[in-house]
*Asks:* 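If you scroll down you'll find the structure; I have some questions about it.
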Protein chains: 2
Amino acid sequence: MPKAATRQHIIEAADRLFYQQGFEHTSFADIAENVGISRGNFYHHFKSKDDILDAVIAQRLTNTRDMLDQWEAAEDGPEERIRRFIQILIVNQTKILRYGCPVGTLCGELAKLGHPAQAEARELFTLFRTWLGYQFTRLVGPDQADELAMHLLARSQGVATLANAFHDEFFVDQEVKQLCEWLSTQVAKANLEHPTVT
Amino acid sequence: MPKAATRQHIIEAADRLFYQQGFEHTSFADIAENVGISRGNFYHHFKSKDDILDAVIAQRLTNTRDMLDQWEAAEDGPEERIRRFIQILIVNQTKILRYGCPVGTLCGELAKLGHPAQAEARELFTLFRTWLGYQFTRLVGPDQADELAMHLLARSQGVATLANAFHDEFFVDQEVKQLCEWLSTQVAKANLEHPTVT
DNA sequence: GTCTATATAGCGATAGAC
DNA sequence: GTCTATCGCTATATAGAC
């Protein structure tokens, strides 16, 4: 098998396992078993476990950028795009109930480990923050855009954390509904203040 | 030193280290160094690491119950008590920026480990959920009480997660202010519907 | 490029002296 | 009740055959 393909398999298995079991709790043996190669073979592709983590985060960054670009390319307005972000909680509900949010839980774990990849992982949040901020800028103007982006990110994180702890999908539905209402309220408020926008 | 005192020292050190470094990442050597005893001495007080975790969670449950009882005994109304809960984010701001929420991060880690103590850890959330639900019942009636309690818990968790990821205390202040406003809105809404309450 | 075998270190846990 | 010494296991990482 070509080197790039095996490398990619390792990244995908590690990505999945880091999410499901946590970074530290996932061993080379776990990943090797998942990929179907031997432990020793890892070091032909990566020089350390931290190296695999870097590759996993880089992969997630790429995937997230692609997703946000696609959402940007679709023929939706900013409000509909933000609604699409909120819907992640529904689309990924099963995984979130089991493992929480991939971004939030990774950042949390790396913070406790004092791991050097913290900044890279945080960049995943920044990607969403910037993208949401851009949508809010067009929706309600630039003044409160970042504040609203962070607020929405925080609400999503909180829902994921409690949904994971209580395994409660009804709660997710309830909160998603409220988030959609909150978004409508923000749009209405902006339209009152600047009737020309939108 | 009497047995109970050493045991208590171990629990306190483990509690602190599990919070700061995570459960799995904290070794017996770490705890031993912190307490000032040898590794071998542990097993006179606990039969396993999971046993220490159980004791730590039990301790946190006791402390949390005591705190909520004290808040209940104070001469505040339900609104003021809920505001006191929100203020945890300010009071513990420094720790939250560094290590996140002690309850949320523990539940998250144990979920990834598939650890049997998950249910016990979740009980910490339930303690706040029930207490907040009780306050909301008196504030706006029983129908929406649990929903509001879960909503507030989720908002707090989200703030803690993002505050930890971005190390942003200004964001915490901002969100706490919004949470207080949200609470006032809930009270006002309830007073409109049931003018006799409060 | 993938394998087996192994080095090295740290972990949780145990045994037994004091 | 606390210690030292050590077991058994698993982890990351390396060396070298194929």
Side-chain angles (χ1 to χ4, degrees), chain A residues 1-58 106 109-110 112-118 120-121, chain B residues 1-58 106 109-110 112-118 120-121:
Chain A
M1 189 175 301
K3 183 168 179 178
T6 301
R7 188 188 151 91
Q8 189 59 26
H9 288 156
I10 293 173
I11 292 174
E12 280 163 15
D15 187 9
R16 190 170 54 249
L17 289 169
F18 288 174
Y19 175 42
Q20 295 174 349
Q21 311 183 340
F23 167 68
E24 195 175 32
H25 190 60
T26 299
S27 69
F28 278 80
D30 292 332
I31 305 174
E33 191 185 13
N34 242 267
V35 178
I37 58 170
S38 73
R39 272 149 292 161
N41 193 9
F42 274 104
Y43 297 85
H44 189 72
H45 303 276
F46 300 95
K47 73 173 199 291
S48 69
K49 193 182 178 186
D50 287 353
D51 230 46
I52 299 183
L53 177 61
D54 287 341
V56 166
I57 294 175
L106 179 64
E109 180 178 1
L110 297 183
K112 301 238 183 220
L113 300 183
H115 198 284
Q118 273 177 86
E120 282 300 300
Chain B
M1 188 174 301
K3 184 170 180 177
T6 302
R7 187 189 151 89
Q8 189 59 26
H9 287 155
I10 293 173
I11 292 175
E12 280 163 14
D15 187 10
R16 191 169 55 249
L17 290 169
F18 289 172
Y19 176 40
Q20 295 174 349
Q21 310 184 342
F23 167 68
E24 194 175 31
H25 190 60
T26 300
S27 68
F28 278 76
D30 291 332
I31 305 173
E33 192 185 11
N34 242 267
V35 178
I37 59 170
S38 73
R39 271 149 293 163
N41 193 10
F42 273 105
Y43 297 87
H44 189 73
H45 302 276
F46 299 95
K47 73 173 197 293
S48 71
K49 195 184 178 186
D50 287 352
D51 229 46
I52 298 182
L53 176 62
D54 287 341
V56 166
I57 294 175
L106 179 64
E109 181 178 2
L110 297 184
K112 300 238 185 223
L113 300 183
H115 197 285
Q118 274 177 85
E120 281 300 299

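Reminder, nothing fancy here: chain letters follow the sequence lines and each chain counts from 1.
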*Asks:* So, does His45(B) get its side chain near the phosphate of dT2(D), meaning an N or O under 4.0 Å from OP1 or OP2?
*Replies:*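 Checking His45(B) against dT2(D): at least one side-chain N or O falls below 4.0 Å of OP1 or OP2.
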*Asks:* Check whether Gln118(B) reaches the backbone of His115(B) with its side chain - one donor and one acceptor, N or O, closer than 3.5 Å.
*Replies:*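 Checking the backbone N and O of His115(B) against the side chain of Gln118(B), a donor-acceptor pair under 3.5 Å is found.
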*Asks:* Starting at CG of Leu17(B) and ending at P of dC11(C), how long is that distance when rounded to a whole Å?
*Replies:*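 Between P of dC11(C) and CG of Leu17(B): 13 Å.
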*Asks:* With sequence neighbours left out, what residues match Glu24(A) under side chain to side chain donor-acceptor pair (under 3.5 Å)?
*Replies:*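 Result, side chain to side chain donor-acceptor pair (under 3.5 Å) vs Glu24(A): His25(B).
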*Asks:* In whole Å, I'd like the distance from the CZ atom of Phe46(A) to the C1' atom of dG1(C).
*Replies:*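 Nearest whole value for this atom pair: 14 Å.
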*Asks:* Is there a side-chain contact between Tyr43(B) and the phosphate of dA13(C), meaning an N or O under 4.0 Å from OP1 or OP2?
*Replies:*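 Checking dA13(C) against Tyr43(B), a side-chain N or O does come within under 4.0 Å of OP1 or OP2.
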*Asks:* Please give, in whole Å, the distance from dT2(D) P to Ile10(B) CD1?
*Replies:*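 Going from Ile10(B) (CD1) to dT2(D) (P), I get 8 Å.
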*Asks:* I need the CD-P distance between Gln8(A) and dG1(C), as an integer number of Å.
*Replies:*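 After rounding, the reported distance stands at 16 Å.
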*Asks:* Return no unless some side-chain N or O of His44(A) is found under 4.0 Å from OP1 or OP2 of dC3(C).
*Replies:*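 It does not, given that no N or O in the side chain of His44(A) lies less than 4.0 Å from OP1 or OP2 of dC3(C).
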*Asks:* Using a cut-off of less than 4.0 Å, is there contact between a side-chain N or O of Ser48(A) and OP1 or OP2 of dT12(D)?
*Replies:*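 For dT12(D), neither OP1 nor OP2 has a side-chain N or O of Ser48(A) closer than 4.0 Å.
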*Asks:* Kindly compute the distance separating CD1 (Ile57(B)) from CD (Glu120(B)), expressed to the nearest 0.5 Å.
*Replies:*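 Ile57(B) atom CD1 to Glu120(B) atom CD measures 6.5 Å (nearest 0.5 Å).
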*Asks:* What is the separation between atom CG on Leu53(B) and atom P on dA13(C), rounded to the nearest whole Å?
*Replies:*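 Distance check: Leu53(B) CG to dA13(C) P gives 12 Å.
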*Asks:* Hey, are Ser27(B) and Asp30(B) close enough side-chain-wise for a donor-acceptor pair under 3.5 Å?
*Replies:*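 Yes.
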*Asks:* Counting only side-chain nitrogens and oxygens, does Lys49(A) get under 4.0 Å of the OP1 or OP2 atom of dT12(D)?
*Replies:*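 Result: yes.
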*Asks:* Whole angstroms only, please: what is the CG-C1' distance between Asp30(A) and dT10(D)?
*Replies:*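 One finds 11 Å between C1' of dT10(D) and CG of Asp30(A), rounded.
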*Asks:* Please confirm whether the shortest side-chain N or O distance from Thr6(A) to OP1 or OP2 of dT2(C) is below 4.0 Å.
*Replies:*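 Yes, such a contact exists.
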*Asks:* Rounded off to whole Å, could you give me the CZ-to-C1' distance for the Phe42(B) and dT4(D) pair?
*Replies:*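 Roughly 15 Å, once rounded to whole Å.
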*Asks:* Reckon Ser27(A) has a side-chain N or O less than 4.0 Å from the OP1 or OP2 of dA11(D)?
*Replies:*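 It does, given that an N or O in the side chain of Ser27(A) lies less than 4.0 Å from OP1 or OP2 of dA11(D).
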*Asks:* Would you check if the distance from the ring center of Phe28(A) to the ring center of Phe46(A) is below 6.0 Å?
*Replies:*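 Judged by ring-centre distance (under 6.0 Å), Phe28(A) and Phe46(A) do not meet the cut-off.
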*Asks:* Return the 5'-most residue of the pair Thr26(A), Asn41(A) with respect to DNA chain D, ranking by each residue's nearest nucleotide.
*Replies:*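 Counting from the 5' end, the first nearest nucleotide belongs to Thr26(A).
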*Asks:* Of Lys47(A) and His25(A), whose nearest nucleotide on DNA chain D comes first from the 5' end?
*Replies:*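 By nearest-heavy-atom nucleotide position, the 5'-most residue is His25(A).
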*Asks:* In whole angstroms, how far is the C1' atom of dT2(D) from the CD1 atom of Ile37(B)?
*Replies:*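 So the CD1-C1' distance, Ile37(B) to dT2(D), works out to 9 Å.
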